[in-house]
J.: 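Dumping the structure here so I can ask a few things about it.
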Amino acid sequence: MTSVAAQKFSGQRRKMVEEQLLNRGIRDYRLLEVMSRTPRHLFVQESFQDRAYGDHPLPIGESQTISQPYVVAKMTEALNLKGGEKVLEIGTGSGYQTAVLSEMAGQVFTIERIKKLGVTAQRLLDELGYMNVVYKLFDGTYGWPDQAPFDAILITAGAPELPDMLVQQLKDGGRLVAPVGEMENQKLTSAVKCGDKLREESLGDCSFVRLVGRYGWPE
Ligand code: SAH
């Protein structure tokens, strides 16, 4: 990329962080720093690159979307990551949220059910040098039992309810963040596991593509 293009995108990134994240109350400074250098434009198709830092989701093919920057920030902030955690992500999609988690945590296990998206995201993240990410193509509602328990779990697709299998794979004191509710509209839900109880809190309304699978919505 020419340095002119690189400069244009870094300017757009700075503006995105200030106007969409800082101004709306995102306060995790490590996260703000990570999002101010993660090249979101590389995670969308070339024809959308000029809109990559806009205040909206964008299509990534296969009827799926890359989440709005603010939503990525809000979900990541809710996980309360300090740097050494083992994180499970369901719904790799474009890989953008994976990249942010890779910088914020110790190790990321990410699952995608659509092969084309999973393979493309893995190739890009490998190329960009995100080395602490492990990939799986599967129905993520089963979680990743061999690697459990996780300090944090993030579901980036809308679930009818919090999948039990995933709750079981969370450490005591661990956090799970997911959109939960109807097919079109959900509540962004943050849950902390306390022994055999889950302490849930709603972080507001959201609208995600569906979590499709055994413990999600039917195909
Ligand atoms: N974090 C991604 C969001 C992609 S959209 C990004 O910002 O790009 C949600 C993704 O979840 C889609 O790619 C979809 O295919 C995937 N998905 C839906 N149900 C799934 C399941 N059961 N297991 C794994 N991935 C799933």
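Whatever order the structure lists ligands and atoms in, that order sets their numbers, starting from 1.
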J.: In terms of atom number and element, which parts of ligand 1 are under 4.0 angstrom from non-hydrogen atoms of Leu117?
T.: 13 (O)
J.: Got Leu188 and Val177 here, is their nearest side-chain heavy-atom distance under 4.5 Å?
T.: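 They are in side-chain contact.
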J.: Would you tell me whether Arg13 and Tyr53 have side-chain atoms, one donor and one acceptor, within less than 3.5 Å of each other?
T.: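 Checked: Arg13/Tyr53 side chains pair up, N/O donor to acceptor below 3.5 Å.
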J.: Please report whether ligand 1 has a polar contact with Val209, defined as an N or O pair separated by less than 3.5 Å (distance criterion only).
T.: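 By distance alone, the answer is no.
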J.: Which atoms from ligand 1 have a heavy atom of Gly140 less than 4.0 Å away?
T.: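 What qualifies from ligand 1 is 21 (C), 22 (N), 23 (N), 24 (C).
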J.: By number and element, which atoms of ligand 1 are closer than 4.0 Å to a non-hydrogen atom of Ile90?
T.: 23 (N), 24 (C)
J.: Using the six-membered ring of Tyr70, assess whether NZ or CZ of Arg24 lies under 6.0 Å from its centre and within 45 degrees of the ring axis.
T.: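 Pair Arg24/Tyr70 counts as cation-pi.
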J.: I'd like to check which ligand 1 atoms, numbered from 1 as shown, lie under 4.0 Å from a non-hydrogen atom of Ile114.
T.: 15 (O)
J.: Quick one: does Gln169's side chain have a donor or acceptor within less than 3.5 Å of a partner on Tyr142's backbone?
T.: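 Yes.
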J.: Looking only at side-chain N and O atoms, does Gln97 offer a donor or acceptor that is under 3.5 Å from a partner on Thr156?
T.: no
J.: Can you see whether Glu200 engages Ser190 through a side-chain donor-acceptor pair at a distance of less than 3.5 angstrom?
T.: no
J.: Could you list which atoms of ligand 1 come closer than 4.0 Å to a heavy atom of Gln97?
T.: 1 (N)
J.: Given side chain to side chain contact (heavy atoms under 4.5 Å, CB included), test Lys136 with Thr92 step by step and report yes or no.
T.: CA-CA 9 Å; Lys136 179 145 106 173; Thr92 318; over 6 Å; no
J.: Only heavy atoms of Phe138, strictly under 4.0 Å: list the atoms of ligand 1 that pass.
T.: 23 (N), 24 (C)
J.: Salt bridge (Lys or Arg N to Asp or Glu O under 4.0 Å) for Arg14 and Glu18? Distances and angles first, verdict last.
T.: CA-CA 6 Å; Arg14 213 171 316 122; Glu18 195 173 311; over 6 Å; no
J.: Looking only at non-hydrogen atoms, which of Met75, Arg210, Lys115, Glu112 approaches atom 18 (C) of ligand 1 most closely?
T.: Arg210
J.: List ligand 1 atoms under 4.0 Å from Thr65, heavy atoms only on the residue side.
T.: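 Every atom of ligand 1 under 4.0 Å from some heavy atom of Thr65: 3 (C), 4 (C), 5 (S), 8 (O).
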J.: Would you mind listing which atoms of ligand 1 come within a distance below 4.0 Å of any non-hydrogen atom of Ile111?
T.: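 Near Ile111, meaning under 4.0 Å from one of its heavy atoms, ligand 1 has 24 (C), 25 (N).
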J.: Could you tell me whether Tyr96 and ligand 1 have an N or O pair separated by under 3.5 Å?
T.: no
